[in-house]
Structure formats: structure tokens, C-alpha cells
Amino acid sequence: MIPSRRAALMVGRVTRRDPMMTAETTGRAACLIGWPAAHSRSPLIHHYWLRLHGITGGYSIEAIPPEGFAEFVMHLSTHGFAGANVTIPHKERALQLTEPDERAKAVGAANTLYYDGAILRSTNTDVEGFISNLDVAAPGWDRTGDALVLGAGGASRAVVFGLVERGIRRIHLANRTMERARVLADRFGARVIPAAWNTLSDLLPRTGLLVNTTSLGMNGQPPLDIDLALLPRDAVVADLVYVPLETPLLSAARARGLRTADGLGMLLHQAVRGFELWFGLRPAVTQELRALVEADLL
Ligand code: NAP
């Protein structure tokens with residue numbers, strides 16, 4: 001990802017704060033902790049909502065190396081933060097240093113930290129981001145039949161857990177490295193069925209929801225090469241990749257008249273819960289916000 005124009009740029013634990021977040025104006029503040037952390041649209045998203053709702057507060061980027069992460073998180077409020085997003089490489093460590101909810105535990109990674117009194121809790125909002133985006137983009141997606149999830153990396157864990165939580169009966173999980181699909185399937189129980197990559201053409205005709213969680217289709221990566229003609233006419237296709245906004249998979253699906261849910265939608269929806277936890281108001285994913293982030297991506 002490319003840094004937001006307003007995002008902080010930093011080296012080590014040096015933060016350049018957004019002009020909105022000065023000592024005089026800071027009400028509540030949150031941050032994104034990563035290493036490196038310069039590539040994020042999160043400041044753009046949260047500043048949009050802060051401005052829209054007239055909330056005095058801020059959202060900065062904090063570049064924290066692995067050896068400094070525990071200290072930073074243990075003293076998050078002393079550093080002036082009501083909570084934080086956590087990204088690579090800290091998501092698993094964040095789980096150990098906080099009180100995680102069921103979603104974070106099931107996914108095995110926390111991406112959002114917040115205080116509940118003196119207790120620092122954590123959750124994983126990729127689950128909600130993925131499901132909410134589908135609910136908005138393709139209502140009824142959960143009544144289309146089996147799901148087929150491609151990929152068994154970190155993002156796949158959130159997607160599979162979200163599908164299990166929603167009650168999808170059969171979730172086929174295919175990955176280039178079959179063993180990773182098996183490990184993930186074992187983690188989530190009998191409804192998740194590992195599949196070999198070369199069985200996709202057998203699975204597609206009974207797939208109601210196809211989800212790409214691999215990095216295929218991303219700028220600089222090969223496209224995801226599968227034959228969408230094999231999908232039923234009412235199937236829904238979701239892609240987590242959002243650079244480019246319209247991946248070859250999504251444009252092929254749209255060309256066939258299939259309903260789609262894109263990666264940018266998931267990114268925007270996953271930010272909602274963090275904002276609500278830190279600033280006390282549940283924001284909406286608006287067309288205006290989407291256009292703002294799209295312009296930044298382009
Ligand atoms: P990851 O943990 O590195 O997993 C990458 C996955 O892609 C693995 O399943 C890997 O298969 C597969 N893969 C990579 N190259 C491949 C190839 N040439 N052929 C077949 N499979 C290949 O990455 P991640 O964190 O899960 O992220 C995956 C994608 O989701 C990224 O594009 C990321 O930007 C996107 N994402 C989007 C959102 C959002 O909010 N929209 C959130 C999270 C992630 P192997 O196991 O065989 O290596």
C-alpha cells in the first residue's frame with residue numbers, strides 16, 4: 001500500500017502527526033502500529049469520519065519495531081492512545097499481550113486494540129469487514145450454497161471464520177500449498193473441507209460464493225486463472241485484493257453478470273468497529289469515503 005497523504009511518515013519510533021492531532025486539539029486518539037507502517041489508508045479513513053462527525057481526535061501511524069512492541073502496547077494509554085490498529089508483523093504478538101475476544105482467538109491474530117476500563121482488549125475486524133461488505137454488496141449471498149475460498153494465509157483465516165460464524169454449511173478451501181489448507185481446515189472444524197488446487201473445476205459448478213484470499217490478481221502478481229463460466233448464474237464473487245480496485249477476477253465476474261464484492265469494500269468496513277470502540281460512534285461506509293480512498297489508491 002502507498003502512504004496516505006496525511007499519514008505520518010516515520011523512522012524508528014518517530015511519528016509525524018496529522019495536523020488534526022495537536023496537543024490542543026487531541027480529544028481521543030488512536031494509531032496504527034506496524035513495522036514498517038507507512039503504507040496504510042487507515043489515517044485517511046479515520047480522519048474522514050472524525051471530520052464528518054465533528055469529533056476532536058486523531059489517528060497517527062506509529063512505526064514500532066518488534067523489540068519495542070510489547071513496551072509500546074503495555075503503555076498504550078500513557079502514549080496518549082485510546083486504542084490502536086495493529087498490522088504486520090505484530091498481529092500475533094498483539095493477541096498474547098491483550099485480552100482477545102473469540103474472533104481474534106479463532107483467527108489467531110488481533111488487528112484492533114481498545115480499552116475496557118483498565119483492561120486492554122483486542123479483536124479481529126477483518127472478519128466483520130469481510131462479512132459486512134458482502135451483506136451490503138450482495139444481499140442474500142449466504143443463501144447461494146457452498147463457499148469456495150482460495151488461499152490459506154492470514155486473510156483466509158478471517159474469511160473462513162466469518163463464513164463459519166455466519167452458518168455457511170460447506171466451505172471448500174483450496175490452496176496452492178495443500179498442507180496449509182489442511183491445517184486451516186482442522187482449526188475450523190468439519191464444515192471446512194480442504195481441496196487440492198487442481199480440483200477447482202469440479203468445485204466451481206456447486207459454488208455459491210467464490211472468495212479469492214490469495215495475492216493473485218494484485219498489481220505485480222499473475223492473475224487468478226480460473227474459468228468463471230463453471231459457476232452457477234446466481235454465484236457471488238468476492239476478491240480481497242484491492243490494488244487494482246477492479247481485479248481481473250472481478251471484471252470477469254461482472255462481465256458474466258455475477259454479483260461481486262471487492263477488497264476496498266472490505267477494507268472500509270473493517271475500519272468501522274475500531275472507530276466505534278475508540279470514539280464511541282458507529283460510522284457509516286459512504287460513497288464519499290469510498291471515492292476518497294479510491295482517489296488515494298489511484
Ligand atoms: P499471506 O498470508 O501471505 O497468504 C498469501 C496466500 O496467497 C497464500 O494462500 C498463498 O499460497 C497464496 N499465493 C501467493 N502466491 C500464489 C501463487 N502464485 N499461486 C497460488 N497461490 C498463491 O497473505 P494475506 O495476508 O492472507 O493476504 C492475501 C491478500 O489479501 C493480499 O492481496 C492482501 O492485500 C489481501 N487482503 C485484503 C484485505 C482487505 O481488507 N481487503 C485484508 C487482508 C488481506 P501458499 O500458501 O501456497 O503460499
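Order of listing sets the numbers, starting from 1, for every ligand and every atom in it. Note that these values count all heavy atoms, side chains included, but never hydrogens, waters or copies made by symmetry. Here the structure is a predicted model, which means the values were calculated and not measured.
Using a heavy-atom distance under 4.0 Å as the criterion, the protein contacts of ligand 1 are Gly151, Ala152, Gly153, Gly154, Ala155, Asn175, Arg176, Thr177, Arg180, Thr213, Thr214, Ser215, Leu216, Met218, Leu240, Val241, Tyr242, Gly263, Met266, Leu267.
Among residues at least two apart or in separate chains, there is no ring-ring contact (aromatic ring centres under 6.0 Å, His included) pair with a member in residues 102-155.
Classification of the Phe72-His79 ring pair by plane angle, with boundaries at 30° and 60°, yields parallel.
The side chain to side chain contact (heavy atoms under 4.5 Å, CB included) test applied to Pro223 returns Pro248, not counting sequence neighbours. Thr87 is linked by a side chain to side chain donor-acceptor pair (under 3.5 Å) to nothing, counting only residues two or more places apart in sequence or in another chain.
Side-chain polar atoms of Asn85 and Thr112 form a donor-acceptor pair below 3.5 angstrom.
Remark: Ile88 CD1 is loosely packed, at most 12 non-hydrogen atoms of other residues, nucleotides or ligands lying under 6.0 Å away.
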